[in-house]
Amino acid sequence: MERIFIGVAWPYANGPMHLGHLAGVYLPADIFSRFHRLNGNEVLMVSGSDMHGTPITVTAQQQNKTPEEVALHYHQVHSETLKQMGIEFDNYTNTHTPEHADVVRELLGILEQNDYITTKTTEEPYDPKSKHFLPDRYVEGTCPHCQYESARGDQCDDCGRTLDAKDLINPHPKLNPDTELEFRETEHLFFKLSNFRDELLAWVSKDKEHWRDNVGKFTHNWLQDGLIDRAITRDLDWGIEIDKEGYENKRIYVWFEAVMGYYSASRSWAKWNGEPDAWKKWWEDDDARHYYFLAKDNIPFHTIIWPAILMGCNLHLPYDVPANEYLLLDFTQFSKSRNHAVWAPDYLNTYDSEALRYVLSAVMPENRDSNFSWEDYVARINNELIGNLGNFIHRTISFAQKNFPKGLHADECSAPELRDKVALSYSQITTSLSACKFKESLQTLMELSQTGNIAMNEMAPWKSIKEDKKACEADLVTLLNVCRALSIIMNPFLPKSSQKVWDYLGLEGTVEEAGWGAVAQGQTDFKLNEPLPLFQKLNLEEILEREMPNEEETLPDLKPEITFEDFQKMDIRIGTVVGIENHPNADKLYLLDVDFGGPKRRIVTGLKEEYNDEELMGKQIAVIVNLAPAKFRGEVSEGMLLAAEDEHVSTANVSLLHPDKEVTDGSSVH
RNA sequence: GCCGGGGUGGCUUAGCCUGGUAGAGCGUCGGACUCAUAAUCCGAAGGUCGCGGGUUCAAACCCCGCCCCCGGCACCA
């Protein structure tokens, strides 16, 4: 028996999950945990909703709610999605619980004791009007190096130097430019991440052959670049409070606190189950193996930051971090702002969770980005899940049940080669599932089912039933044993269907009770129940009609209404492009000279990927000419040209506004 | 420009670390069967493995150079 801890990345409670989250993170974790549980190993699988952080406060403001309301709402949504998908945790909690907060403060205390925490007092920009400390990038002022007037607090766009907001001459809040900016002293806690560099390097370099390539490379690169100590507190209201004098108005930074959820969730699981020490079996037993399931954007948090914290607290380090790449939707990334997504709650309102589990397992982005499309979804359900697997099970059980309603018996297996195939598939899948190779496991499963179909065609029980009923019965028992094996093997992928098959086969109890090892045992007797088809055929046209129109009731991201006076402030003119240069210091930027009927303006613009010189030269375009000049990597832009951006396509999506008929240069637009 | 990933039959892809006749599924074409959700099974056509060079008896795989695509960053206000 092994002890397996499974930590699953915490979904952010700021919007529903989409299919990419399920395919890349939650489904593989669930398959893995079901496999190990079935195999008799002791599994603890935890996750929860990540409730803190600035984006949630922004959403709350927009919706006129409190951050807590927003976070709790999406926590509910996530919980429901996971439940409907059949993804089972020992503890699915969230980071806004007293238990989590206590554990975070406890770990912080340990790190402090071990001298991994420092304080640093700095003078930070403070906006007296909004009564908030400001992030550096929300501060503007004059660059001390090049005198550029609109340098940001973190970096000067003109000379490219990184800055501190304090260096700026005449700094002011970007959002309240008329307000005088103050610098107030504020103290923050820092985690000495840099202390762990050598230890981390040693750790990731030793016995990590089982890690996926991309995970190892990513991590090594990060470590090569060096680690900096990072602030773990911020001046904010929403988040975990710090038990320390002077920190009443500060909260713990999410990046530091959310990963601790793996540990706190383990402890609260034990507590809520009435066995307060049960978590220790996973966290204090050296032989326990810790797996973390997540997507590639989360790698550094789980291979560097979290391990550093764990080292600092003397806790168990990860054994494997099988991070996935991204699942794309029609070859483009899922995007919340563009509403380019299939949202899990929407999907589950209309379609079957098991069908989705199958398809997402088949296209899981294990080694590279992979693609989801409705066409592929329908094809895989109809051809593979139903045509191959569902059909084999259904034709076998229904034929046997109809012809032998009182039961079947055979003393020995009528086709040893088929029994051997079962054994081989079983051992292959055991190996590949242990190694987190889920796609491969599913393929082997489907091969076995196909082998069943082939065998049944050769045995042709519909013939032998008329000629040699005894032989027919023996063949059917052999085939039913393949179904029985499939029922067990498919359990991690399709738990609900797995149990249905088990029941149709008239077997006792549950698949979970029988266990993974039960595949090896054949049965000589079956008393079947009348089966129903396991999955429903889908119609592509219907689905496309429902899923593709994607029409919005209202314009998405509609900005607040403005008055006509507001509009009149803009001076938009038509001009002709008379000169084009490449920006000397930026790949994507052009320097355009635009003629407005005599006067010329220099415009810096990022059209390089959309238009070449020839297409632009001589073209009439619309330009806002009274926009305050701005510098882009050292070049002044005296206006902004107007262009449409098509957010529904991935490439070549910018289109210049161009007058329908030729007009005199300098004509105004209203 | 920098960092990472990728480019394999019409489509989706496995293989690449650990060189040795390029596999699968879908689609297409022909056939068989009829227990099964017009399901299944057999057979066929279809690939200069992005381009060029190198190492090797042998390269999809290792090395060098280049091209293209995706993502992140610099940043496109």
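First the proteins, then the strands, lettered A, B, ... as listed; each starts at 1.
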For a quick check, with a 4.0 angstrom heavy-atom cut-off, what is the B/S/- contact string for nucleotides 26-32 of chain B, read 5' to 3'? SS-----

Please report, rounded to the nearest Å, how far the C1' atom of C42(B) is from the CD atom of E458(A). 10 Å

In whole angstrom, give the distance that lies between atom NZ of K439(A) and atom P of G25(B). 16 Å

Send over the distance from Q443(A) CD to G15(B) C1', rounded to a whole Å. 11 Å

Chi angles and distances behind the ring pair (Phe, Tyr, Trp, His ring centres under 6.0 Å) call for Y319(A), W211(A): CA-CA 9 Å; Y319(A) 170 76; W211(A) 279 29; 9.0 Å; no

Return the stems involving RNA chain B, sorted by first number, where pairs are Watson-Crick (N1-N3 with N6-O4 or O6-N4) or G-U wobble (N1-O2 and O6-N3), both under 3.5 Å, and runs are 3 or more long. B:1-7 with B:67-73, B:10-13 with B:23-26, B:28-32 with B:40-44, B:50-54 with B:62-66

Using the C1' atom as the reference point in each nucleotide, state the distance between G47(B) and U13(B) in Å, no decimals. 14 Å

Aromatic ring of W462(A) stacked on base six-ring of C35(B), 5.5 Å, 30°: yes

Salt bridge (charged side-chain N to carboxylate O under 4.0 Å, His left out) pairs, two or more places apart, involving residues 527-536 of chain A: none

Just the table, please: protein N/O against nucleotides 43-46 of chain B N/O, every pair under 3.5 Å.
none

Residues pairing under side-chain hydrogen bond (donor to acceptor under 3.5 Å, both in side chains) where one sits in residues 434-447 of chain A, two or more places apart or in two chains, turn out to be S432(A)-S441(A)

Under 6.0 Å between the ring centres of F493(A) and Y358(A)? no

Provide the full list of ring pair (Phe, Tyr, Trp, His ring centres under 6.0 Å) pairs with a residue in residues 389-410 of chain A, sequence neighbours left out, each pair given once. none

